[in-house]
Amino acid sequence: MTGQVRTVDGRVAGRRGQATRQKLLDCLGEMLSSSPYRDVKVIDVARKAGTSPATFYQYFPDVEGAVLEIAEEMAKEGAGLTELVSGRSWVGKAGWQTSEELVEGFLDFWRKHDAILRVVDLGAAEGDKRFYKIRMKILNSVTNSLTDAVKELQAKGKVDKDVNPAAMAGSLVAMLASVAGHQKGFQTWGVKQAELKPNLALLVHLGITGKKPTR
């Protein structure tokens with residue numbers, strides 16, 4: 001965490017204060033993994049962190065404010081997803097590798113942050129612009145790079161000019177996000193994780209290049 005950490009009333013938090021604040025966020029993150037977002041109360045977070053509700057309110061206005069802090073940090077990490085696509089080749093065997101690594105990285109990120117992403121999705125679906133912006137920040141990191149990839153392939157005559165790069169990229173990223181949030185559900189259909197990834201990578205490769213991959 002960079003920059004000064006401040007309390008709700010604007011005071012700069014010292015090292016102990018910063019440690020307490022981070023512990024509250026860590027405990028809240030753990031609770032979101034096992035409890036519905038709406039059921040998490042300030043007193044329960046404070047108790048788990050070994051402190052008081054009054055201390056919680058020194059750093060956050062409410063549970064939602066603390067959840068947004070966690071979500072913002074997660075979104076910063078999510079911006080790194082662009083590295084899975086940016087500057088990568090989509091030609092030949094390298095293109096298949098790019099597809100595989102994008103799917104792997106996307107699914108791993110969603111699994112790692114599953115609890116907070118569920119809350120972000122809920123808030124965005126309910127029309128909360130703060131959660132919507134966080135969700136789009138994560139998705140845009142991949143969508144923009146995929147859009148550039150399609151444009152580059154079009155410029156080289158490898159993808160049909162009728163393809164809309166942003167529409168294709170956005171559709172693929174929306175698909176990835178939906179599948180990533182439904183990973184456990186695939187098991188009920190008898191689909192193992194090892195089977196899901198290559199099939200998802202195939203769809204991504206076909207969408208970007210319009211061709212079957214060279215493996």
Side-chain angles (χ1 to χ4, degrees), residues 2 70-121 124-125 131-215:
T2 57
I70 297 174
E72 286 285 3
E73 286 299 313
M74 178 266 301
K76 289 177 186 175
E77 183 180 333
L81 289 171
T82 189
E83 295 173 9
L84 298 169
V85 183
S86 183
R88 301 290 297 273
S89 173
W90 288 91
V91 179
K93 289 185 178 180
W96 175 241
Q97 185 178 349
T98 299
S99 300
E100 286 188 305
E101 291 179 5
L102 171 58
V103 167
E104 180 92 33
F106 210 97
L107 296 186
D108 285 351
F109 177 82
W110 235 259
R111 273 198 305 275
K112 179 181 178 182
H113 299 288
D114 175 62
I116 190 66
L117 280 163
R118 277 189 277 110
V119 177
V120 169
D121 284 348
F131 286 113
Y132 175 77
K133 285 180 180 178
I134 289 171
R135 177 177 169 78
M136 291 308 295
K137 187 185 295 186
I138 298 165
L139 300 186
N140 285 345
S141 66
V142 179
T143 304
N144 293 339
S145 293
L146 282 180
T147 300
D148 290 341
V150 176
K151 287 179 179 178
E152 187 177 324
L153 289 169
Q154 283 180 324
K156 294 177 180 177
K158 294 181 180 295
V159 169
D160 196 300
K161 293 289 185 184
D162 290 338
V163 173
N164 182 298
M168 179 60 73
S171 297
L172 290 172
V173 171
M175 175 189 72
L176 284 171
S178 180
V179 172
H182 191 67
Q183 291 181 69
K184 294 177 182 176
F186 278 88
Q187 296 173 9
T188 64
W189 297 334
V191 179
K192 297 177 181 176
Q193 188 78 0
E195 297 167 326
L196 174 61
K197 290 180 181 178
N199 284 279
L200 194 53
L202 174 61
L203 288 172
V204 170
H205 190 278
L206 286 169
I208 297 297
T209 69
K211 298 182 177 70
K212 284 186 176 181
T214 302
R215 309 191 194 193

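Residue numbers run from 1 in the order of the sequence given.
- Contacts of Glu152 classified as side-chain hydrogen bond (donor to acceptor under 3.5 Å, both in side chains), with partners at least two apart in sequence or in another chain: Lys156.
- Residue Pro213 comes nearest to His205 through the heavy atom pair CA-CE1, 3.4 Å, listed as atom of the first residue, atom of the second, then distance.
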Derivation of the side-chain contact (heavy atoms from CB on, under 4.5 Å) call for Thr143 and Thr147: CA-CA 6 Å; Thr143 304; Thr147 300; 4.1 Å; yes
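- The environment of CZ in Phe186 is crowded: more than 12 heavy-atom neighbours from other residues, nucleotides or ligands sit within 6.0 Å.
- Evaluation of the side-chain hydrogen bond (donor to acceptor under 3.5 Å, both in side chains) rule for Arg111 yields Asp108, Gln183 as partners, not counting sequence neighbours.
- Remark: Trp96 pairs with Glu100 by the side-chain hydrogen bond (donor to acceptor under 3.5 Å, both in side chains) rule, at least two apart or across chains.
- The local environment of NZ in Lys158 is sparse, with at most 12 non-hydrogen atoms from other residues, nucleotides or ligands closer than 6.0 Å.
- Looking at every heavy atom in both residues, Ala71 comes nearest to Val120 through CB-CG2, 3.9 Å.
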Tell me, with the steps shown, if Ile70 and His113 meet side-chain contact (heavy atoms from CB on, under 4.5 Å). CA-CA 10 Å; Ile70 297 174; His113 299 288; over 6 Å; no
Using side-chain contact (heavy atoms from CB on, under 4.5 Å), reason through Leu117 and Trp110 one step at a time and then give a plain yes or no. CA-CA 7 Å; Leu117 280 163; Trp110 235 259; 3.6 Å; yes
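- In terms of heavy-atom proximity, Arg135 sits nearest to Ala124 at CD-CB, 4.2 Å.
- Distance check, rounded to the nearest 0.5 Å: CG of Leu146 to CZ of Arg88 gives 11.5 Å.
- Note that the CG atom of Asp148 and the OG atom of Ser86 stand 7.5 Å from one another [nearest 0.5 Å].
- Counting only heavy atoms from C-beta outward, the side chains of Leu202 and Arg215 approach each other to under 4.5 Å.
- In this structure, Phe106 and Leu200 have side chains that are not in contact, with every pair of non-hydrogen atoms separated by 4.5 Å or more.
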What verdict does the side-chain contact (heavy atoms from CB on, under 4.5 Å) test give for Lys93 and Gln97, after you've listed the backbone C-alpha separation in whole Å, the side-chain angles of each residue and the deciding distance to 0.1 Å? CA-CA 6 Å; Lys93 289 185 178 180; Gln97 185 178 349; over 6 Å; no
Give the table of side-chain donor-acceptor pairs shorter than 3.5 Å for residues 161-173, with sequence neighbours excluded, one pair per line with atom names and distance.
residue : atom : partner : partner atom : Å
Lys161  : NZ   : Gln154  : O            : 3.2
Asn164  : OD1  : Ala166  : N            : 3.1
Asn164  : OD1  : Ala167  : N            : 2.9
Ser171  : OG   : Ala167  : O            : 2.7

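- Of all heavy-atom pairs between Ser145 and Thr82, the closest is OG-OG1, 2.5 Å.
- Environment of NZ in Lys133: sparse, with no more than 12 heavy atoms of neighbouring residues, nucleotides or ligands closer than 6.0 Å.
- For the pair Thr188 (side chain) and Gly185 (backbone), a donor-acceptor distance under 3.5 Å is present.
- Considering only heavy atoms from C-beta on, Ile138 comes within 4.5 Å of Met74 through its side chain.
- With a 6.0 Å radius and a threshold of 12 heavy atoms from other residues, nucleotides or ligands, Glu77 has its CD atom above the threshold.
- Atom-to-atom distance recorded for Leu196:CG and Trp189:CH2 is 10.0 Å, nearest 0.5 angstrom.
- Closest approach of Leu81 to Val142, counting heavy atoms only: CB-CG2, 3.7 Å.
- By the side-chain hydrogen bond (donor to acceptor under 3.5 Å, both in side chains) test, Ser141 is found to be paired with no residue, residues two or more places apart in sequence or in another chain being considered.
- The shortest non-hydrogen separation linking Ile208 to Val159 is O-CG2, 3.4 Å.
- When the salt bridge (Lys or Arg N to Asp or Glu O under 4.0 Å) test is applied to Arg118, the partners found at least two apart in sequence or on another chain are Asp114.
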